[in-house]
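We're numbering straight along the sequence, starting at 1.
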Amino acid sequence: YGAIIVEPKDKSYWPSSDQSNTLILSDALTNPETGLLVPFNKNKADHKLMGRYGNTLLINGKTNWQTELKANTVQRFFVANASSARPYRFAFE
């Protein structure tokens, strides 16, 4: 997955920030016993056209994505939902 960030011609369009991060939210359906991805199965009913919910949530392809931020700085986050079906309730601690 990836995100295309379109930057405005006018640099003052967005307020200035000290750092920008792009976060890609996604999920994957994995087998709890093996940790491997569960493939689509033509012999079972699936709803590929509607997407499927995964049991493993990912940020930038990682289950434990973290970042450190300096106090008193302005951070900009670009967030994209790359999941085929899942909506997210997204927040920072």
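Remark: Phe77 pairs with Phe92 by the ring-ring contact (aromatic ring centres under 6.0 Å, His included) rule, at least two apart or across chains. Residues meeting the salt bridge (charged side-chain N to carboxylate O under 4.0 Å, His left out) test with Glu7, sequence neighbours left out: Lys11. Residues satisfying the side-chain hydrogen bond (donor to acceptor under 3.5 Å, both in side chains) test with Asp10, not counting sequence neighbours, are Ser12.
Hydrophobic cluster membership for Tyr53: none, as no Ile, Leu, Val, Met, Phe, Trp or Tyr side chain comes under 4.5 Å of it. The hydrophobic cluster containing Ile5, built from Ile/Leu/Val/Met/Phe/Trp/Tyr side-chain heavy atoms closer than 4.5 Å, also comprises Tyr13, Trp14, Phe78. Think of Leu58 as one node in a network of Ile, Leu, Val, Met, Phe, Trp and Tyr side chains linked at under 4.5 Å; it has no links at all.
Taking OG1 from Thr34 and CG from Leu37, the interatomic distance works out to 9.0 Å, rounded to the nearest 0.5 Å.
The stretch residues 57-71 participates, sequence neighbours left out, in no side chain to side chain donor-acceptor pair (under 3.5 Å) pair at all.
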Which pairs would a plain distance check flag for residues 15-30, meaning a side-chain donor or acceptor within less than 3.5 Å of a matching protein atom at least two apart in sequence or in another chain?
from, atom 1, to, atom 2, distance (Å)
Ser17, OG, Arg76, NH1, 3.2
Asp18, OD2, Val74, N, 2.7
Asp27, OD1, Ser83, OG, 3.1
Asp27, OD2, Gly54, N, 2.8
Asp27, OD2, Arg86, NE, 2.9
Thr30, OG1, Asn55, OD1, 3.0
Thr30, OG1, Thr56, OG1, 2.9

